[in-house]
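The structure appears below as structure tokens.
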Amino acid sequence: MPTSSASTTDPARPATGGVQSLERAFDLLERMADAGGEVGLSELSASSGLPLPTIHRLMRTLVACGYVRQQPNRRYALGPRLIRLGESASRLLGTWARPHLARLVEETGETANMALLDGDEIVYVAQVPSKHSMRMFTEVGRRVLPHSTGVGKALLAHFPPEEVRALLNRTGMPAATEKTITTPDGFLTALEEVRRQGYAVDDNEQEIGVRCLAVSVPDSPTAAAISISGPAGRVTEAETDTIVPLLQQVAAELSETLLSSGVNGNGG
């Protein structure tokens, strides 16, 4: 699974080029996100190596600012003010992605999308439509379950199998079409194929007559994937050998754009 910069921070090493308390505060927020959004102080101390008094002081400040809230059970959860930051960041990701998606449309002729994993769902954050009169259209902001989409497969291929099973257990695996994968074992087998091939396919699984090819964006600050989708008669097996290397190249270039925008940090 993609990991945050929290996993590479050394609490014993003084901060360089920044304010140490600020770096530690963001490190704690990332550790909370990695833990599912709610943790106890002892858990944060164990994972970060920071002493409890330091963590308590930082958490008090984050609570006062609204970025963390203290639960009735005394544990700490990510706060509502982070939602606004996250929504704004998602919109910016879409803005940075659109020129890259436009290149995909120009070279493949098909609709290009960017999607993120938000909780247990896939959310589309950017799209550039095909110029064909018969084209695929997915509304930006639309949410779907990952098991029936190419972008969902591309993203979940990087997660440990036990986490994928837990997600599928929470969401269920309803059939969007007769070709949708509806069993955890079948889906995990499909993810093995994604890792082997380096790309994911939605072959009439979300909508009959539609085929989608997708790849993850390497080193994205949050789990992200790009895809092209079109009528199955145009996005054929024969076209896959041409489209996939282009998708992978554009994903790498998008990753570089995010790095140069300063949004990647040290994440992987």
Side-chain angles (χ1 to χ4, degrees), residues 1-2 86 89-119 121-132 135-159 190-191 193-203 205-207 210-232 234-236 239-261 263-264 267-268:
M1 185 176 85
S90 293
R91 285 193 294 271
L92 281 174
L93 280 174
T95 299
W96 289 321
R98 271 189 285 274
H100 299 277
L101 300 182
R103 179 187 167 195
L104 285 173
V105 175
E106 187 67 29
E107 297 198 28
T108 69
E110 305 300 343
T111 296
N113 300 287
M114 180 181 186
L116 308 179
L117 184 63
D118 183 21
E121 296 177 316
I122 296 297
V123 58
Y124 290 92
V125 297
Q127 179 181 84
V128 175
S130 167
K131 297 174 183 176
H132 289 292
R135 62 192 182 196
M136 303 304 105
F137 179 79
T138 297
E139 182 181 0
V140 171
R142 181 189 178 199
R143 292 175 175 270
V144 296
L145 297 181
H147 72 281
S148 61
T149 64
V151 285
K153 291 177 187 175
L155 290 169
L156 291 181
H158 301 287
F159 283 65
L191 295 188
E193 186 73 358
V194 173
R195 289 189 290 271
R196 185 184 69 79
Q197 296 181 143
Y199 66 94
V201 182
D202 158 15
D203 191 0
E205 295 163 54
Q206 178 67 26
E207 184 178 345
V210 177
R211 199 161 182 268
C212 169
L213 302 172
V215 300
S216 61
V217 178
D219 300 317
S220 176
T222 187
I226 58 173
S227 68
I228 65 94
S229 57
R234 290 202 306 255
V235 185
T236 62
E239 292 295 322
T240 299
D241 290 342
T242 301
I243 293 173
V244 167
L246 177 62
L247 270 172
Q248 292 169 333
Q249 181 183 18
V250 171
E253 291 171 355
L254 175 55
S255 177
E256 290 180 6
T257 296
L258 298 180
L259 277 167
S260 65
S261 301
V263 297
N264 256 21

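Just so you know, these numbers use all the heavy atoms, side chains as well, and skip hydrogens, waters and symmetry mates.
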Any chance you could measure [X], atom [atom1], to [Y], atom [atom2], to the nearest 0.5 Å?
X	Y	atom1	atom2	result
H100	E256	NE2	CD	9.0 Å
E106	S130	CD	OG	10.5 Å
Y199	C212	OH	SG	12.0 Å
L117	H158	CG	NE2	11.5 Å
I228	E107	CD1	CD	12.0 Å

For the side chain of [X] and the backbone of [Y], is there at least one donor-acceptor N/O pair under 3.5 Å apart?
X	Y	answer
K131	G109	no
E205	G150	no
S148	Q206	no
R211	V235	yes
S220	A223	no
S255	P218	yes
T108	L104	yes

Using every non-hydrogen atom in the two residues, find where [X] and [Y] come nearest and quote the distance to one decimal.
X	Y	answer
G198	Q248	O-NE2, 3.2 Å
A154	A200	N-CB, 3.7 Å
P231	E110	CD-OE1, 3.9 Å
L155	I122	CD1-CD1, 3.5 Å
L101	N113	CD2-O, 3.6 Å
L254	A97	CD1-CA, 3.8 Å

(message) Checking E121 against V144 for the side chain to side chain contact (heavy atoms under 4.5 Å, CB included) test, could you report, in this order, the C-alpha distance in whole Å, the side-chain angles of both residues, the deciding distance, and whether it holds?
(response) CA-CA 6 Å; E121 296 177 316; V144 296; over 6 Å; no
(message) Checking side-chain contact (heavy atoms from CB on, under 4.5 Å) between I243 and each of T240, L246, L247, which is the one that passes?
(response)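 Of all the options given, the one that passes is L247.
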(request) Not counting sequence neighbours, which residues clear side chain to side chain donor-acceptor pair (under 3.5 Å) with T149? List them please. (result)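 None.
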(message) Do L116 and Y124 make a side-chain contact, defined as non-hydrogen atoms from C-beta onward lying under 4.5 Å apart?
(response)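 Contact flag for L116/Y124 side chains = no.
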(message) Could you tell me if the side chain of I226 sits less than 4.5 Å from the side chain of V215, heavy atoms only?
(response)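 In contact.
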(message) What verdict does the side chain to side chain contact (heavy atoms under 4.5 Å, CB included) test give for L191 and F159, after you've listed the backbone C-alpha separation in whole Å, the side-chain angles of each residue and the deciding distance to 0.1 Å?
(response) CA-CA 10 Å; L191 295 188; F159 283 65; over 6 Å; no
(request) Using a strict 4.0 Å threshold on nitrogen-to-oxygen distance, state whether R143 and D118 make a salt bridge. (result)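 A salt bridge links R143 with D118.
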(request) Decide yes or no on salt bridge (charged side-chain N to carboxylate O under 4.0 Å, His left out) for R196 and E193, but give the supporting numbers first. (result) CA-CA 5 Å; R196 185 184 69 79; E193 186 73 358; 2.6 Å; yes
(message) With side chain to side chain donor-acceptor pair (under 3.5 Å) as the criterion, how do Q127 and R142 come out once you've worked through the C-alpha distance, each side chain's angles and the decisive distance to 0.1 Å?
(response) CA-CA 11 Å; Q127 179 181 84; R142 181 189 178 199; over 6 Å; no
(request) Give a yes or no on this: more than 12 heavy atoms of other residues, nucleotides or ligands lie within 6.0 Å of atom CD of E253. (result)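 Counting other residues, nucleotides and ligands, CD of E253 exceeds 12 neighbours.
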